[in-house]
Amino acid sequence: MNIKAGIVGYGNLGQAVEYLIGKLDDFELFGIFSRRETLDTNATVYPVADAHKYKDDIDVLFLCVGSATDIPEQAAGFAEHFTTVDTYDNHSKVAEHYAAMDQAAKANDNVAIVSTGWDPGLFSMNRVLGLSLFPEPIQNTFWGKGLSQGHSDAVRQVAGVRRGVQYTIPAQDAIDQARAGNGQGLSKTTSHERIVYIVADAADHDRIREEITTMPDYFEPYDTTVHFVSNEEFERDHQGAPHGGYVITTGDLQGHNASVEFSLALESNPNFTAAAMVAFGRAAARLKDQGNSGAYTVLEVPLYLLSQQSLQEMMETGL
Ligand SMILES: NC(=O)C1=CN([C@@H]2O[C@H](COP(=O)(O)OP(=O)(O)OC[C@H]3O[C@@H](n4cnc5c(N)ncnc54)[C@H](OP(=O)(O)O)[C@@H]3O)[C@@H](O)[C@H]2O)C=CC1
Ligand SMILES: N[C@@H](C[C@H]1CC(C(=O)O)=NO1)C(=O)O
């Protein structure tokens, strides 16, 4: 299958999806849809407002836009015209997003795989797997130390923020407790701190700090520190986007302890997120080709559809 792909949004994630599509022999890039007229790419660039004109040229549209505002405002409109994949990661509003995408996709015989990536995404899959194994599971998720793209996107939406990033730091003793089977009672909010670096005018600092630290869903429950730095410091100290994390599940099986851990160590958060997104793009094209429509979470997509191999090939190699 040769999958014709489009990319909406040419930020960290969009550039990483473009790179990966260029490396894979079952995809070809139709073009990039952006709010900006010129981008640093050799690919064809189209105005994002014109995307619907190319609905018959694209098999899968990768929505590489921000989750804080872009996805809620734009994604369902794309699902009316395209089979889509997104990385929506406002966990408290995933059900709302799924319902909107399901309605738009079903009405137009499209597939929409939502909230791909690693959290939500691969971590979601491993949380379900871990919880399914034990009568009384104890499960904890930890992120970092690293740069959260979703939280960084969220701070960049605050008026007056010229540049911004957010780092997530887990408490090592909490991770140790979880690994020892003592994770019950640990909370994600007390097991992590969030550090934000912002470039903004001094007159706006107090307001920006207040807006960030009280931001629902992203920062409000956490211990969050906001630093204001010069553009030169930002340029010097805040390049790259490493990240990672752990899903740790422990339980007792007839008096025998078991510990299940899924971990990620990422030099580049956007490149890894793109890898998960493109694998689900392959699955989206296949689901559509099989005559399906509507929204899918990563939990509803048969795993073999992500692979470049067929199920038969995987069985013949012994799984
Ligand atoms: N589920 C998961 O595990 C993960 C999810 N994500 C999600 O991915 C989302 C996108 O992340 P990321 O790519 O880092 O966000 P970016 O801020 O880099 O890009 C988001 C959008 O901003 C616009 N943009 C980017 N650069 C510029 C610029 N210089 N000037 C003007 N506009 C710009 C782009 O649109 P345009 O080209 O039209 O200007 C782009 O679509 C995050 O919000 C996060 O929610 C990320 C990582 C993991
Ligand atoms: N969605 C996250 C992926 C992980 C990282 C994270 C955090 O640091 O809080 N939560 O989930 C991202 O945008 O990077």
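Values below: every heavy atom of this structure, side chains too, minus hydrogens, waters and symmetry copies. Note that the coordinates shown come from a computational prediction; the quantities given were computed from them, not determined experimentally. In each ligand, atom 1 is the first atom listed, and ligand 1 is the first ligand listed.
Between Arg194 and Asp223 there is no salt bridge, since no side-chain N of the basic residue sits under 4.0 Å from a carboxylate O of the acidic one. Taking the charged nitrogens against the carboxylate oxygens, Arg162 and Asp204 have no contact shorter than 4.0 Å, which rules out a salt bridge. Here Glu80 does not pair with Lys55 in a salt bridge; the nearest charged N to carboxylate O distance is not below 4.0 Å. In this structure, Lys93 pairs ionically with Asp217, as a charged nitrogen and a carboxylate oxygen lie closer than 4.0 Å. By the 4.0 Å N-to-carboxylate-O rule, Asp119 lies close enough to Arg127 to be salt-bridged with it. Asp289 has no carboxylate O lying under 4.0 Å from a charged side-chain N of Arg286, or vice versa, which leaves the two without a salt bridge.
The proximity of Ala276 to ligand 1, defined as any non-hydrogen pair under 4.0 Å, does not occur for either the backbone or the side chain. Contact annotation for Asp153 and ligand 1: only side-chain heavy atoms (C-beta onward) come within less than 4.0 Å of the ligand. Only the side chain of Thr273 comes within 4.0 Å of ligand 1, judged by heavy-atom distances.
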Could you go through ligand 2 and note, for every N or O atom, any protein N or O atom closer than 3.5 angstrom, writing the atom names and distance to 0.1 Å, or 'none'?
from: ligand 2; atom 1: 1 (N); to: Asp89; atom 2: OD2; distance (Å): 2.7
from: ligand 2; atom 1: 1 (N); to: Asp119; atom 2: O; distance (Å): 2.8
from: ligand 2; atom 1: 8 (O); to: Thr168; atom 2: OG1; distance (Å): 2.6
from: ligand 2; atom 1: 8 (O); to: His243; atom 2: NE2; distance (Å): 2.8
from: ligand 2; atom 1: 9 (O); to: Arg194; atom 2: NH1; distance (Å): 3.0
from: ligand 2; atom 1: 9 (O); to: Arg194; atom 2: NH2; distance (Å): 2.9
from: ligand 2; atom 1: 11 (O); to: Asp119; atom 2: O; distance (Å): 3.2
from: ligand 2; atom 1: 13 (O); to: Asp89; atom 2: OD2; distance (Å): 3.0
from: ligand 2; atom 1: 13 (O); to: Gln149; atom 2: N; distance (Å): 3.3
from: ligand 2; atom 1: 13 (O); to: Gly150; atom 2: N; distance (Å): 2.6
from: ligand 2; atom 1: 14 (O); to: Gln149; atom 2: N; distance (Å): 3.0
from: ligand 2; atom 1: 14 (O); to: Asn269; atom 2: ND2; distance (Å): 2.8

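Not a single heavy atom of Pro270 sits closer than 4.0 Å to an atom of ligand 1. Using 4.0 Å as the threshold, Ile71 has no heavy atom nearer than that to any atom of ligand 1. Distances shorter than 4.0 angstrom do not occur between any heavy atom of Val48 and any atom of ligand 1.
The shortest N or O to N or O distance between Thr116 and ligand 1 is below 3.5 Å. For the pair Asn269 and ligand 1, the shortest N or O to N or O distance does not fall below 3.5 Å. Between Ser67 and ligand 1, at least one N/O pair is under 3.5 Å apart.
Chaining together hydrophobic side chains whose heavy atoms lie under 4.5 Å apart places Phe134 alongside Leu133, Leu253, Val260.
With hydrogens and angles left out, the side-chain atoms of Gln166 and Tyr218 include no donor and acceptor closer than 3.5 Å.
Taking the six-membered ring for Trp and the full ring otherwise, Tyr167 and His238 have centroids separated by under 6.0 Å.
For the pair Arg179 and Tyr246, the cation-pi criterion (under 6.0 Å, within 45° of the ring axis) is fulfilled.
Comparing Gln157, Arg156, His151, Met277 by heavy-atom distance to atom 15 (O) of ligand 1, the nearest is Arg156.
Remark: ligand 1 atoms within the under-4.0 Å shell around heavy atoms of Ser34 are 36 (P), 37 (O), 38 (O), 39 (O).
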